[in-house]
Amino acid sequence: MATSEQRQIELLEVFWRRVDRDPAAVPPDGLDPAIAALAQHLQHLGHTTMGGRWRPPPWPPTAAIGRVGQQGSVAVPDRRLPAFRLGHLRWRRIFPGLATVAALTLALVVGVAIWGAHPQPVSAQEILRQAVAATAGPPSQVHSFVLTEARNDQTSQGQLHLEAKRWYQAPNRWRAEYSARLGDRSLGQEIVVSDGMRVWDEQLPANVVRVTPIGQVQSGLDAPPSPGEVGASEGSLADVIRRAGACNAPALRGSATLLGRDSYVMDTGATGCPALGQTGNIHRIELWIDKRTFFLLKAVQYGNDGAPLATIEVTSVQFNVSIAPSRFTFTPPSGATIQNEQVPAAMTPTSGGMLDTAFMGLNGVPNTSEGAARYGIPDQSGLVVIKVLSGSPAARSGVQAKDIVRTVADQPVSSEGDIARILAHQQPGDTVAVTVLRGDTTQTFTVTLGAALPHGQ
Amino acid sequence: MFASRAKFLPWHGAGHQTSGGDEPDDAALVAAARADPQAFAALYERYAEAVYRYCAFRLGGPAPAEDATNEIFLRALAGLGGYRGGKFIAWLFQIAHNVVVNHYRRHRPTLPLETLLDMADPAPGPDDVAVGRAGWLAVQDALATLPDAQRATVELRVAGWPDAQIAAALGKRPGAVKTLRYRALQQLRSALASEGVKEAMHGNV
């Protein structure tokens, strides 16, 4: 058995190298045809995604530096989730600018004692530049960490206290427990756990649990708390830094000891530009930056009136410690509503089973400006059909790939979700009218809905 | 300023790139770059295309791959002070992997429309659930079921990295890389077989 596996391994190697140069290469005798076909297909997908020849632009890619600095978009909130979420990006929406310092904080504490001594910078700008750099990427030496970070904000309704406890085990297991309190009142909790295969996201007291396969996480709220990658990317800090450099005169105020670490105390100075921070309330920021690692230990944001708006600081950290595996397992509490991100709404099993779900057999993407440009259509509504399953109700009705579906059952659609919601009110055997734009003509097809296949057949 | 020569690198394989085992060369470049950040350009030119191809396959196209590649090398330059030795390509690959994962976190991977249409076989054949027709998204889903090392051996092979470089990047022996890759394909195959049906279900209406 081992020998024949060894032979397959060698044949695969030879074949794969060949198919990289010649996509139509024929597999050698003896190589499992299914494996050969898969290798060939993977390489085909690779060529498609890699495009033609690619020459690296000259270094440094200055145009890209600005783009890198602007990354870190906030995911569109999921409509199905309760309005109040405690994940770090939510913190960003409530407290613009805080996510920046959150990212720094986390990156910082992991870096403690991991990163070697740095040559001493000469200027405040250099210190800030190093601080930006220090948030970039997790140190490979970090295998695990446990930390707590806390934020306190003075609001008109009292003090808002947010806390995040994080555990991380490389490469892909983590746990984050968020809690929030306004004055004495608890605002709820959120727990996000990755067990290496799925990300579980539980919100209390709503008792909703969302589970997403780890390859499919969509929103930053499911982000593992790797150093430097929490919440906003370092790009936001880079924005702060660049803005500070352009609008302020960031200054080194002195030194201080925090968490037993020697740190620079920096002050971004009063902003000379509008809207430092998304609301424009943040007037200046004080930063405590660890001298050895240039990670952020603490940040205080001040408003226009000179009063502190928010303080975020690391209160404890340990790195490369062993963590009980139970930290990274999750069992939904009984009675919780489970939202399974892998199964589309239309396919959620109902009491009657999958066979009750009406099904057409289309796969598509919303028509975007890209699609509109391609098809020369003025507006941007509709779903571009990417695939029609062979033998499916949609195929039998005459719908084709590249059609743009405009309405189903007389209702406008622009996503698979829209169609799923319409089909949820139909039964297999029902007929629905589907209008599409094909080229520049509108056509209508009558689809006799079928039944969805049971999962796994 | 920086030399503007953009080396033409061959498309197939990574012929001109040094193998990952060529430590003195990488180490010398790293030392030079630490002394003078402008010297980082040499490391960039050595590995940019390989990194780009890895990103392109994982992220689905040239545009996100270029952004990611830039971010990876900027992080590498910024973090050079923290690089503690060992194989440079292993350190660089770790950064690349994390940048890609970070990118997934922010954006659901979507391919350009043209690519989706090209890859979705607009003339449906008799066996739409066959492994060979699995779209890029389905393949990514299936890859996600693999352990990291196995997964990387496939992705890096698709990206055209020589086995020696893959071995160095992953900290494995070249023989182990081949074995991991073969086993990865076996697992991918069964993941895709059920994925093919899932594709009939998943994202379909």
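Only this structure's heavy atoms are used, side chains among them; waters, hydrogens and symmetry mates stay out. In what follows, every chain begins at residue 1, and chains take the letters A, B, ... in the order their sequences are listed. Quantities reported herein were computed from a predicted structural model and do not represent experimental measurements.
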| query | Would you find a donor on one side and an acceptor on the other, under 3.5 Å apart, between the side chain of B/Y182 and the backbone of A/E13? | reply |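 No, the answer is negative, given that no donor and acceptor are paired below the 3.5 Å cut-off.
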
| task | Output the option from B/K178, B/R157, B/R183 having the highest count of non-hydrogen pairs under 4.5 Å with chain A. | result |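 Most pairs with chain A among the choices: B/R157.
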
[X] side, atom [atom1]; [Y] side, atom [atom2] - distance, nearest 0.5 Å:
| X | Y | atom1 | atom2 | value |
| --- | --- | --- | --- | --- |
| B/Y54 | A/M50 | OH | CE | 13.0 Å |
| B/Q186 | A/E5 | CD | CD | 6.5 Å |
| A/M197 | B/T145 | CE | OG1 | 10.5 Å |
| B/R181 | A/I35 | CZ | CD1 | 12.5 Å |

| query | Which answer fits A/E10, side chain, backbone, both or neither, if we ask what part of it has an atom under 4.5 Å from a heavy atom of chain B? | reply |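 Contact with chain B: side chain only.
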
Let me know if [X] has heavy atoms under 4.5 Å from chain A in its side chain, its backbone, both or neither.
| X | value |
| --- | --- |
| B/E155 | neither |
| B/F73 | both |
| B/L77 | side chain |

| Between A/Q400, A/Q40, A/R17, which shows the greatest number of heavy-atom pairs under 4.5 Å with chain B? |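 It is A/R17.
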
4.5 Å side-chain heavy-atom contact, [X] and [Y]:
| X | Y | result |
| --- | --- | --- |
| A/P56 | B/Y44 | yes |
| B/R53 | A/W54 | no |
| B/L185 | A/L42 | yes |

